[in-house]
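Convention: sequence-line order gives letters A, B, ...; per-chain numbering from 1.
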Amino acid sequence: MSKRVLLVEDEPNIIEAVSFLLSRDGWHVDTHSDGGTAVAKVQELEPDLVVLDHMLPGKSGMDILTELRGDAAYKDLPILMLTARGQMRDRALAEEAGVSRFMTKPFSNTEVLNAVRDLTRA
Amino acid sequence: MASINLLIGVCVAYAVLLFIIAFAAERGAAQGRRAWLGSPVVYTLSLSIYCTAWTFYGAVGYAARSGMEFVTIYLGPSLVMIGWWWVLRKLVRIGRAQRATSVADLISSRYGKSNALAILVTVMAVIGVTPYIALQLQSVTTSLAIFADPSEATDGGMNQTQAAFWIAFGLAIFTVLFGTRNLNTNERHDGVVMAIAVEAVVKLFALVAVGVFVVWGIAGGPTQMMAQIDASSIGAWSLDGSRWLALTALSGAAFLCLPRMFQVLVVENDDERHLQVAAWAFPLYLMLMSLFVVPIAVVGLDLLPAGSNPDFFVLSVPLSQGQDGLAMLSFLGGFSSATSMVIVATLALSTMVSNHVVMPIYLSVKDTGGASVSGDVRNVVILSRRVSILVIIALGYLYYRMSGGSGALAAIGLISFVGVAQFLPAMLGGIFWRASTRVGAACGLFVGFVVWSFTSLLPSFGEGAVLSQSVFDSGVFGINLLRPLALFGIEGIDSTVHAFIWSLSLNILAFVVGSLVSFPTPLERLQGAQFVNVFAHTGHAKGWSATAAASEDLMIMAQRILGPDEAQALFRAQALSQGSDGYLPDPTPEFLEHLERELAGSVGAATAHAMVGQLVGGATVSVQDLMAVADESAQLLEYSTQLEAKSAELTRTAGQLRDANNMLTQLSVQKDAFLSQISHELRTPMTSIRSFSEILRDAEGLTEPEQTKYASIIHQESIRLTRLLDDLLDLSVLENGQVSLNVSSGPLNDVIEHAVLTAQAGFNAALPVIRRYPDRAVPMSTDLDRLSQVFINLITNAQKYCQSDAPELTIEVAQDETFALIMFRDNGVPIPATTRALIFEKFARINDQDGSGAGLGLAICREIMTRLGGDVTYVPASLGNCFLVRVPLNVPMPET
């Protein structure tokens, strides 16, 4: 059974690209575009990995991250965060909040795949 | 011919008489009988100390040498008195209100109670007046000699020096006895004033008696006298206007500035109304004094052998006629002139020396022990006053001995005048010009003093004496412009006038410049206001705030300075006025001010301030520290209106700064948010482009449709990116105001039609657009391309966001005199009220589902409309969305 990844992202073309990459690498990809219901979606799907956008309608990726890490069940859930805002402060804040990996858009496909493999190997 | 011993006997008898008069006056004053003392007549007569032996004897000599010019010496003071309303009245009022004890005290008090300034004035006064005192001693001794043996008028024998010594000694005793008998709070000397008033009568009577004798006894009557004067060279009325003006100004200035004149004019003034009487009575006195000067001079020149000293015609003319009694009277007149001058001048100088030099030094030395409390200051003050008197008279005597009674002394009267006239700018500036400062006063005094020393005092010792011959011939360091008697190359004027004009002009210049470039301390400004506006509020600089000082301590200090009786009376009166039944008033600021003022009468303003400060502050501090404290507390009270104005201004400035800071913070936040937004808007399409291009590059396992789809995403995102950049640049240009309008004319309808066509071009299912134009075409003169851009934006927005089953857009045009109104109304879902305020902001994509817009369109529209002089607004409607564009028919010309 292939591993499940939940992609939380609101930009249609980026959803398309990341879904394509991860599916080809053998993942089962679920997508979700609304920040407000993202945590519920994680609880529902229990994915092995979450790829999280920073700017989302409803609730920011940072808030979602904090909320997930606050729940003991998701303390070790690998979370890869993607941001297009490109500010140093965001990375520091995300790392403080317990992000597993933080990447800036635009990313290289290889980087994303390596990161995902890295995070789910252990 | 009377023996010198007889003369000395007469002198002693006369002195004893004066002692008795002074003593009786003081007794009377102490018992409250001031009828005589308090009369304007005594005040007027006391002013006559202006007429010293130099004028008593010297005026005749002056007339014999230079004709009518001697009148200037009387003219200046007369003018000052006649114009009392303008200067003297103010000076007297200030002197009384501030309890000024001397010229030095007045000037120091005016310029922030600066003791340094007081010391400068004191030193200048001592240097300027000491030779003048010597001149009096010389007059008396010479007159003694003439009386004893007219043929040896210029002989400086042993008798003369001895006589000079004893005269000096006698004057010192008199001054010490009556000048420092008690430390009166108002520094008045009733005995001394009475004695000099009597002396004034004696000298006037003596001179008039000699005059009457000369006119009626020798010349044979007024008619013959006039004829004789006309025949004489003195009668030739040669009038040098500028010289007269300068000498009159000089004598007027000296009248105001001489320490002894300040003493009688201001300090001893009992009642301001006395000035009204003195204003005509004193000029009258001077007129009487000068009435017989010319007759005596003319007769003396005719009668006496050539080479006789004309300075003593008043004495030698009666003597030559065998009128020993008259000569004796004349001698007593001269003696009176000399003694009254020496007594008052010494008194005034000793007050200055004691208050401004000795006491501050004593206080600072005793500082550690808390001088004002531990020592008996009263005795110290009296002692220092007495020592000062002795020292000053001794200085005069020494000067007399060293100058050997030479004829050069005769010029000293005028030299002294020029010296003390240096106080005038600081004094008058202080009472009439609020902006004058301590720095200005110090600069002026110093410069005036230096120039006076160089051009007048030092040359008076003779060429080669102090200044070398070469300095006289070719100036200091050989600089021709720096010759003492021809400063800056101005030659050919009398040395007195030369010195007066140069020293006073440079003094004034330094005073004004110094005042303008320096900033007054709060206390200076406070005192300046008190002085200049003395008639507006005859209060006192409020220097003390609420205090922890114990009344007992203040009482102890006051007793030591004022004496027990007076201090207790003062405290009792204050306690009563505060409504208390006891003997100790509360140390309220008002009481402290009152006390300080009372103490100032005894020890001077600066010292009194320091003493009260020592107790009020509760600590032993230096005078400088106290000044600083006083400055601060005075600052709090200074011109409350000005402070309030300043405070309001400060609040305003602070508010502006706060606003500016908030704005900057806001701008900074906006800038960060904007950069963040830009970054997001740029990175998002780039992410898709990069990702899909990488997928296409590694093309393995891609189906044909997938490849096409991904390539078209890349294409679509590239266009989005380009549009974003275009919009950003457009907006940036518009916001910076760099855009230049391309104004052209055309009907509004055409612009709208063109916009509709353009907007619909890119869409398969074009939104139906209903147009409602007015009957008449609306001619526009504006940037039609920019206007069209706004329309296209609005139509495209409606096309993209209008959510309705049958979407449609209505464009309606209306017009008034200056504006065209274009309404764009669709039938979609209205924008929520909460987000309406944001729609014109950058990156405010409200309903952007497909992400194709950058969120800059409406921001650009708003900028364009602002440039065109109109606006675009969202009009809330019950159904659909409505944008209203308002544009001037003719674009306003940009203000260049």
Side-chain angles (χ1 to χ4, degrees), chain A residues 5 7-27 29 31 33-36 51-58 60-62 80-94 101-116, chain B residues 668-669 671-703 705-721 724 832 834-835 838 843-855:
Chain A
V5 60
L7 171 62
V8 189
E9 168 67 75
D10 65 330
E11 197 56 44
N13 289 337
I14 297 177
I15 294 172
E16 174 112 30
V18 176
S19 301
F20 175 84
L21 285 175
L22 294 180
S23 311
R24 199 176 56 181
D25 210 39
W27 287 82
V29 183
T31 64
S33 313
D34 179 47
V51 177
L52 186 60
D53 185 25
H54 193 283
M55 278 170 92
L56 289 165
S60 82
M62 199 66 79
L80 168 62
M81 200 155 177
L82 302 172
T83 179
R85 296 213 316 177
Q87 281 182 336
M88 295 301 288
R89 214 162 53 89
D90 290 337
R91 175 183 289 272
L93 284 174
R101 193 66 66 95
F102 188 91
M103 291 176 72
T104 309
K105 295 176 187 174
F107 45 78
S108 102
N109 294 348
T110 325
E111 260 173 32
V112 173
L113 287 174
N114 286 342
V116 167
Chain B
S668 171
V669 168
K671 186 204 71 184
D672 284 352
F674 181 70
L675 282 178
S676 224
Q677 281 283 6
I678 293 275
S679 168
H680 184 261
E681 296 305 320
L682 289 173
R683 282 169 190 275
T684 301
M686 278 167 68
T687 306
S688 304
I689 293 170
R690 179 168 180 184
S691 194
F692 282 114
S693 59
E694 280 181 14
I695 290 168
L696 288 174
R697 187 188 58 196
D698 310 330
E700 46 175 301
L702 283 187
T703 61
E706 275 178 334
Q707 283 186 19
T708 313
K709 183 183 177 193
Y710 295 162
S712 74
I713 289 177
I714 290 173
H715 177 245
Q716 177 197 326
E717 293 283 28
S718 307
I719 290 171
R720 177 178 164 191
L721 208 48
L724 176 67
T834 47
T835 45
L838 295 173
F843 303 114
R845 280 178 304 174
I846 307 304
N847 282 321
D848 191 7
Q849 294 301 317
D850 66 350
S852 63

Contact summary for A/L56 and A/S33, nearest pair of heavy atoms: CD2-O, 4.2 Å
State plainly whether the residues B/K709 and B/E706 are in salt-bridge range, i.e. N to O under 4.0 Å. no
Sorted by chain and residue number, the salt bridge (Lys or Arg N to Asp or Glu O under 4.0 Å) partners of B/D698 (sequence neighbours excluded) come out as none
Answer key: most heavy-atom pairs under 4.5 Å with chain B among A/R24, A/E16, A/H54 is A/E16
Residue, of A/V18, A/N13, A/D10, A/V112, that accumulates the most heavy atom pairs under 4.5 Å with chain B: A/N13
Between B/T684, B/I689, B/I678, the one whose heavy-atom pairs under 4.5 Å with chain A are most numerous: B/T684
Closest heavy-atom pair and its distance - A/L80, A/M103: CD1-SD, 3.7 Å
Salt bridge check, B/R690 against A/E111: does any charged N sit closer than 4.0 Å to a carboxylate O? no
Under a 4.5 Å heavy-atom cut-off, does chain A meet the side chain of B/I714, its backbone, both or neither? neither
Quick one: what part of A/L82 sits under 4.5 Å from any heavy atom of chain B, side chain, backbone, both or neither? neither
